Amino acid sequence: MVNRLLPAAAGFAPLPRWARLTAAAVGFMGLLPGCSKDDTPATPAVTNPARISVPQAGVYPEGIQWDDANKRFYVSARAKGTVGTVRDDSTYTEFGKDSKLISTIGLNLDASRSRLLAAVSDNNFNPSVQNQATYRKLAALAIFNTSTGALSSFVDLGGLRPTQMHFANDIAVDKDGNAYITDSMSPIIYKVDLQGTATVFLENAQLSGGTGFGLNGIVYHPDGYLLTAKTSDGTLFKVPISNPAGFTTVTKTQSLVGADGLLLFDNNTLLVVAGSQGTVFRMASTDAWVSTTATGSFATGAVNATTITKRGADAYVLYPYSATAPRFRIVKAVF
């Protein structure tokens, strides 16, 4: 309508018929409901699965770590002496293997240094290896290159106390790359620096489990101390990096008997897997871990849950079942 009211001399020449038809067609198409980009189906957001069942027999994994860069879990193998990976589709792939890895226990992924650290022990759980020379004597730290899967280092720990029984269990890594490893059969925390030098970081009778398991899970707090728990009676210790002999007992009212793996979810929240209680406890502290209280729990049931890892805003618990079970599970903890 506008074009027909304006004279051609004013510079507004009538559009050719083909152009008018094209413009009309475009305008009509714009009215069709299927042409709106708002109606395009949205790509569903990727969510973390509630559980992953892994059809891999006889692994009995003890340790787990989430590898965010490669979107996979690392799992140890108490019954096979290997380290494997698990994808969300339940695919299990062998990652690292060596004859020295009789049983791999706790894991720690030091992603910034491309290292996967594994505690190595022998409690006669690997049916392919029955070696009295290493039974309850082997305690070691294996370090893998995460880019190649190669075993880059194997550090003997039990040799520091050759007359004692040993079970290297869990690992924490501080900001400088030093690794701290608990021994469940000797009242010891070992330290291994980036050069591979092993020392006894802390040895004290209070860390002993008596006839049961002593220290188990361990984590590093960025304020410069370790938190570690004793399986036998659930005692939780705070160990300053700069003064390990000045360790203290964290005051609590919640029983943590059976404490296994630990996860420092944030600076004030610690998740404790108490396998014998069939529960993961969420513990909180407002006084720099002088004391702690339970703020939630997640029931695992009778699946011998061992440890836990952080994946984004979620935490995943490892259900190893038993050495002969045809599968194990990785389950999201909901508090």
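Numbering starts at 1 and runs along the sequence shown. The model shown is predicted, which means the values in this text are computed figures rather than measured ones.
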With a 3.5 Å cut-off and sequence neighbours excluded, list the donor-acceptor pairs that the side chains of residues 247-262 form with protein atoms.
| from | atom 1 | to | atom 2 | distance (Å) |
| --- | --- | --- | --- | --- |
| K252 | NZ | G234 | O | 3.3 |
| S255 | OG | V257 | N | 3.4 |
| D260 | OD1 | N216 | ND2 | 3.3 |

- Residue pair S285 / D287, side-chain donor-acceptor N/O under 3.5 Å: yes
- Message: Please give me the minimum heavy-atom distance between R113 and V173, naming the atom from each residue.
- Response: NH1-CG1, 4.5 Å
- Should D233 and K230 count as an ion pair when the cut-off is N to O under 4.0 Å? yes
- Message: Under a 3.5 Å cutoff, is there a donor and acceptor pairing between the side chains of S103 and R78?
- Response: no
- Indicate the atoms forming the closest heavy-atom contact of S90 with P55, along with that distance. O-CD, 3.9 Å
- Looking only at heavy atoms, what is the nearest atom pair of F328 and Y319, with distance? CB-O, 3.3 Å
- Item | Residue K97 excluded, over 12 heavy atoms near NZ under 6.0 Å | no
- Query: Considering all heavy atoms of both residues, which atom of Y316 and which atom of P49 are nearest to each other, and what is their separation?
  - Reply: OH-O, 2.6 Å
- Cationic tip of K175 within the cone over Y220's six-membered ring, i.e. under 6.0 Å and within 45° of the normal? no
- Would you say the side-chain atoms of Q164 and S186 include a donor-acceptor pair closer than 3.5 Å? yes
- Message: Tell me whether L138 shares a hydrophobic cluster with F144, the cluster being built from Ile, Leu, Val, Met, Phe, Trp, Tyr side chains joined at under 4.5 Å.
- Response: yes
- Do H221 and L264 have side-chain heavy atoms sitting under 4.5 Å apart? yes
- Query: Do R161 and E203 sit within salt-bridge range, that is, some charged N less than 4.0 Å from a carboxylate O?
  - Reply: yes
- Testing R72, K71, R311, K332 for salt bridge (charged side-chain N to carboxylate O under 4.0 Å, His left out) with D88, which one passes? R311
- Interatomic distance, CG@D122 vs NZ@K100, rounded to 0.5 Å, equals 15.0 Å
- Task: Could you check if a side-chain atom of W66 sits within less than 4.5 angstrom of a side-chain atom of K310, using non-hydrogen atoms only?
- Result: no
- Item | Close side-chain approach of T199 to Y190, heavy-atom, < 4.5 Å | no
- Message: Do V219 and M283 land in one hydrophobic cluster if side-chain heavy atoms of ILVMFWY residues count as linked below 4.5 Å?
- Response: yes
- Exercise: identify the closest heavy-atom pair between A79 and G58: CB-O, 3.4 Å
- Task: Give a yes/no verdict on a cation-pi contact between R282 and F298, requiring under 6.0 Å between NZ or CZ and the six-membered ring centre and an angle within 45° of the axis.
- Result: no
- Message: Count I, L, V, M, F, W, Y as connected when their side-chain heavy atoms are under 4.5 Å apart, and connections chain through other members. Are Y180 and V200 then in the same cluster?
- Response: no
